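I have placed the structure first, in the form of structure tokens, so that the comments after it can refer back to it.
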Amino acid sequence: MASQLGVTTIEHCEAREDPETPTRRAFIARMGALLGGSLAMHSAGARAPAGQEASVGRKIDYPTDLRITKITEVDIVGDRPKMIGKNAVRDDHGQRCREHLVRLYTNDGHHGFGVGRPKEDTLRALVGKNPFDFFEPAVGIRDAAGTSGVKEVEFALWDLIGRVLEKPVYQLIADPGSAAAPGTPVRAYDGSLYFADILYPEKGVARIEEEAAESVRLGFRAIKAKIGRGNKWMDPEEGFARDVAVLKAVRRVIGRDALLLIDANNGYDRAGAMRLLDAVGDVDIYFAEEMFPEDVPECLEFKRFMRERGWRTKLADGEGLRTAEDFRPYLETEAFDVVQGDMRRFGFTEYKRLSRLAAEHNAVCAPHNWGSQFGAFAGVQLAGGIPNFLFVEVDPVVFDVYVMDALQFKDGAFLLPDAPGLGVQLDEAVYQQKYEPKQSVYE
Ligand SMILES: [Mg+2]
């Protein structure tokens, strides 16, 4: 903490470290190292409430004369180790992703970063401000006098504030006494089983089997298969039969102990979704996502059908919704079991609200995350800060500008890092070479 600067105090909480933090092992120096030439990737996971000591409300000191002195923004590019094909509604997703990286620098030498798409006016207004002006511990990041649109910079602000306070972001997200302990496993699932059978017709379902096997080899214990081929890309009956064949094949490959998730991108209607589940029989689906466009009576009917069959399959939905309040009608009726607000769109602040609302109605959070590597490590932080987190979704994309030394992956889960901020660094050599020439600077 920048003690040479003036200091003031705000109420916050402190989580104490679990003395039994699991032994760290050098799983990867960075995500890219894992990938060399294979299909690959990694991931993360769920939350383990066990083991942490009660945290206590306490005063936190922060420097009153801390100032943001410089901001940069630039598009960064990441590559996937395999081609991602179609889903029920969208054509091939390809192998390259783009994110927009914002970096904040302060007068005392701290630095934080995050992704977002802030307006230029917001960035200009942030220069000269104290980052703590935008931080309210019980709420999160908010606009302050004379500055709007700060939500698009919230990840960078959380990271910066965490680094200034020398605390992981999840300890700042958590309500007093509720942060998970460093080392807690956060379960992850591989979200990359798209329609590879259509992408590689010469291999067909065998290609999906290969990808599922690779996922298991990488350590995943949960995997999500896209379905809904008959919605747009195949004859409806042939597409239906292919979906059934794929789900049976994936279950065979991953074994009985791994979790199988499905996502139809609303490519079925309720009758079709029920028919599909009957057709795959005992394949054991952990959650069914966006089987049909969300609608309270339809969701409840679908859940009733599943319970009648004796299946515990959870209904997951809501990646298209924009705010926590948008989820209210589905949560109050218990139409959704798993809420999937998008990690980057929601940010930690809105996710805290969604998490609370979901918890009141027995639902858990599994943020949608696609086209982003950042969204996965943001998900890990969120997991440590809320009580009802289920899964991090992993897109295999790798951005070589991220250095992930502090974020380890073990037995299908990320281990909550104890590094300050988001627990991820930037590779300054890569940044300098690829991005600095293109960045916009505000100071
Ligand atoms: Mg989805």
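Residue numbers start at 1 and run along the sequence shown. Since the model is a prediction, treat every value here as computed from it, not as a measurement. The figures here come from the full heavy-atom set of this structure, side chains too, leaving out hydrogens, waters and symmetry mates. Order of appearance sets the numbers: ligands from 1, and atoms from 1 within every ligand.
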Under the side chain to side chain contact (heavy atoms under 4.5 Å, CB included) test against V339, which residue among L354, N388, L321 passes? L354
Using only N, O or S atoms, tell me which atom of D263 is closest to the Mg ion (ligand 1). OD2
The Mg ion (ligand 1) - name of the N/O/S atom of E289 that sits closest to it: OE2
Tell me if the centroids of the rings in Y402 and F377 come within less than 6.0 Å of each other. yes
If you compare all heavy atoms of L315 against all heavy atoms of D337, which two are closest, and at what distance to 0.1 Å? N-OD2, 2.7 Å
Restricting to non-hydrogen atoms, name the atom on W158 and the atom on L172 that form the minimum distance, rounded to 0.1 Å. CZ3-CB, 3.7 Å
Assess E319: does it contribute an N, O or S atom lying under 2.8 Å from the Mg ion (ligand 1)? yes
